[in-house]
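Single-structure report; data block below.
We're numbering straight along the sequence, starting at 1. Keep in mind that this is a model prediction, so the values were computed, not measured.
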Amino acid sequence: MQILVLGAKEYAAIYKLNLETFLGLNVILKKNIDESPTDVLASSLIISPSPKEDELGSTLNKFMSSQDLDTPIIYIGEGKFERDKSYNLKSWSNVKVLVHTASKALNVKIVDQKEKYSSGIKNIDLDILKGLKNCPISLFMRVEGRGSQFEFVKLYDKEQIYNPDIVSSLEKKGVSEIYIKAPDYIPLINFITESFIKSLNTDSLTLIEKLELSDNASNFIRDIVLSFGVTEEVLKLSDAVAKNFITFCRNTPSLKKMFQILSNPSNVTLSSRAQFISTMGIQYLIKENKWNNENFFIKFAYAAYLHDLLIPNTKHHFIDSDEKLEASHLSGKEEKLILQHANLMSDYVNTSGMFPSEVSTIIKQHHGSKNGIGFDYANPEGIHPFSQIFIVIESLCNLTFSQKNNAELLPEKLFEQIKKDLIHQKYQEIIDRFLQIIKRA
């Protein structure tokens with residue numbers, strides 16, 4: 001069976017990912033019917049904008065009538081639908097409801113993702129094991145066997161004493177992924193979740209050690225999200241990391257002092273950037289009476305930690321404009337991920353229903369685009385106020401971490417540089433407020 005998705009625009013990629021993952025069916029994405037009318041004929045289900053909201057829906061209806069087709073259609077948007085086998089969803093954004101509706105329309109059972117790992121072998125990124133002192137499962141490496149076959153050689157037996165140096169040893173050999181028995185994947189997720197949270201809640205660790213743990217957790221979280229979506233484990237880990245960010249902020253009341261500590265990390269990583277963005281942002285919120293509240297702090301910290309999670313290459317986190325994207329000479333796949341990462345991560349968070357509602361909005365709009373696609377800093381009207389603050393801080397973060405000698409940087413001078421790029425009055429006001437906070441520190 002095949003599902004045809006028409007005119008989904010920024011939702012196309014997330015629809016394809018979720019429908020293929022949870023229904024196990026092939027999904028075809030098309031902008032209009034003219035691209036390939038044969039796909040309409042070959043599809044068992046069609047997802048389309050409603051005729052009332054988009055001419056594409058009307059065109060589809062006329063084509064279906066002309067071909068005397070009774071293929072089920074899920075219309076998205078307002079309208080009344082008299083044809084048989086039609087379903088209506090009011091919004092494009094509720095991906096979970098879409099999957100369940102498609103399951104009902106096709107009478108297809110939703111795949112239990114955990115059943116997928118009931119047998120066989122699964123590959124995992126080596127980074128996931130970083131920071132673990134113990135390992136509850138056996139580990140394997142894939143090697144070439146006879147002919148075109150592969151064989152799996154046991155690297156570590158769970159009955160033995162685990163040596164954490166196995167990870168660095170494999171890294172030196174250029175190994176980036178290893179293999180485990182698929183049924184061991186869920187137990188490994190649970191074990192790593194508990195281990196990271198316990199470590200992150202240990203007061204004896206330094207800021208650097210906690211950032212290293214947060215980075216290890218981010219590699220693990222990315223793997224969970226891409227395998228299962230946002231789960232309870234993702235929420236628990238994100239919560240532990242975010243609360244560490246907030247604690248650091250409370251213990252370092254001076255914004256200028258905080259900048260000096262955070263602006264010169266030994267290694268620029270997802271977590272060092274997230275720490276910088278979240279704590280600078282929380283310092284700003286503390287100085288605004290209407291936002292000086294723990295509930296606002298945790299939302300900002302969640303967004304800071306998760307916003308670039310889907311981008312595995314930290315160097316690509318610095319791409320925050322069309323000009324930088326063009327100069328990066330990325331592959332088509334990498335470029336697409338950069339342009340869509342805000343929307344994709346926002347949808348993962350929103351679909352889970354586990355995070356405060358505003359977190360997904362902050363993530364979606366953290367590059368100034370209302371739909372989470374691309375970059376748009378020209379007019380922040382309609383952009384969440386925390387996303388506006390986020391944009392200013394991430395600009396500061398990117399500028400700070402791209403300097404050669406961070407130890408001598410002055411945030412006042414960097415903010416003046418940012419003023420030349422973020423020229424809209426709202427951004428100027430946020431920058432001026434930051435400069436006031438620094439001056440009073």
Side-chain angles (χ1 to χ4, degrees), residues 17 21 111-200 209 211-234 236-238 240-241 267 269-271 308-316 331 333-334 337 348:
L17 174 65
T21 300
V111 176
D112 182 344
Q113 290 302 293
K114 296 187 178 182
E115 284 183 10
K116 286 174 61 177
Y117 303 108
S118 60
S119 62
I121 296 287
K122 172 174 171 53
N123 64 309
I124 63 170
D125 287 339
L126 184 63
D127 285 346
I128 288 173
L129 301 179
K130 283 184 176 178
L132 290 184
K133 295 180 180 178
N134 298 297
C135 184
I137 65 170
S138 297
L139 307 175
F140 300 83
M141 177 179 282
R142 191 176 75 170
V143 298
E144 290 186 9
R146 294 179 180 178
S148 59
Q149 299 298 312
F150 288 103
E151 295 178 359
F152 294 93
V153 178
K154 188 175 286 187
L155 289 169
Y156 161 72
D157 190 302
K158 64 181 179 181
E159 302 300 328
Q160 299 173 339
I161 296 174
Y162 180 71
N163 181 356
D165 291 340
I166 189 173
V167 176
S168 58
S169 176
L170 290 170
E171 274 188 320
K172 290 176 182 177
K173 295 177 181 177
V175 176
S176 60
E177 67 177 18
I178 57 174
Y179 293 80
I180 63 174
K181 291 180 179 179
D184 287 340
Y185 187 49
I186 304 304
L188 179 63
I189 285 176
N190 295 332
F191 178 81
I192 294 177
T193 300
E194 292 173 8
S195 298
F196 278 137
I197 291 174
K198 184 177 179 180
S199 297
L200 285 167
E209 289 170 330
L211 284 178
E212 287 177 356
L213 271 173
S214 299
D215 277 314
N216 296 337
S218 68
N219 294 321
F220 174 56
I221 290 172
R222 185 186 302 114
D223 197 66
I224 296 177
V225 170
L226 294 176
S227 297
F228 304 114
V230 173
T231 64
E232 186 176 348
E233 291 83 6
V234 173
K236 286 179 179 178
L237 285 164
S238 301
V241 172
N267 188 26
T269 64
L270 181 143
S271 290
D308 279 343
L309 183 76
L310 296 181
I311 303 174
N313 190 331
T314 306
K315 291 180 181 179
H316 297 170
S331 68
K333 185 178 180 180
E334 289 173 325
L337 178 60
Y348 274 126

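Closest approach of P183 and S118 over heavy atoms only: CG-O, 3.2 Å. Taking every heavy atom of both residues into account, D308 and L270 meet most closely at O-CD1, 3.8 Å.
Summarising the geometry, atom CG belonging to L337 is positioned 10.5 Å from atom CG belonging to N313; distances are rounded to the nearest 0.5 Å. For the atom pair CG (L188) and CD1 (I224), the distance works out to 9.0 Å, reported to the nearest 0.5 Å. Here CD1 of I178 is found 4.5 Å from CG of L129. Values are rounded to the nearest 0.5 Å. Of the inter-residue distances, the one linking I124 atom CD1 with S176 atom OG reads 11.5 Å to the nearest 0.5 angstrom. Within the model, atoms CE of M141 and NZ of K173 stand 6.5 Å from one another, a figure rounded to the nearest 0.5 Å. Atoms CG and OH, on L226 and Y348 in that order, are 5.0 Å from each other to the nearest 0.5 Å.
Not one N or O on the side chain of T314 forms a donor-acceptor pair closer than 3.5 Å with the backbone of T269. The closest donor-acceptor contact from the side chain of S195 to the backbone of F191 lies under 3.5 Å. The closest donor-acceptor contact from the side chain of R142 to the backbone of F152 lies at 3.5 Å or more, if one exists at all.
Under the 4.5 Å side-chain criterion, counting only non-hydrogen atoms from C-beta, K181 is not in contact with I137. I180 places none of its side-chain heavy atoms less than 4.5 Å from the side chain of I121. H316 is listed as a side-chain neighbour of I311, based on a closest heavy-atom distance under 4.5 Å. Between F220 and I189, some side-chain heavy-atom pair lies under the 4.5 Å cut-off. Contact of the I166 side chain with the Y156 side chain is registered, since non-hydrogen atoms from C-beta on lie closer than 4.5 Å. Side-chain atoms of K158 and P136, non-hydrogen and from C-beta on, never get closer than 4.5 Å to each other. Considering only heavy atoms from C-beta on, L309 comes within 4.5 Å of S218 through its side chain.
Contact check on K130 versus D127 returns a salt bridge, with a Lys/Arg side-chain nitrogen under 4.0 Å from an Asp/Glu carboxylate oxygen.
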Worked check of side-chain contact (heavy atoms from CB on, under 4.5 Å) between I221 and V230 | CA-CA 9 Å; I221 290 172; V230 173; over 6 Å; no
Take S331 and E334 through the test side-chain hydrogen bond (donor to acceptor under 3.5 Å, both in side chains) and record every step on the way to the result.
-> CA-CA 5 Å; S331 68; E334 289 173 325; 3.3 Å; yes
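Side chains of D223 and Y185: a donor-acceptor N/O pair is present below 3.5 angstrom, by distance only.
Heavy atoms from other residues, nucleotides or ligands lying under 6.0 Å from NZ of K236 number 12 at most. Within 6.0 Å of atom CD in E171, more than 12 heavy atoms from other residues, nucleotides or ligands are found, so the atom counts as buried in its surroundings.
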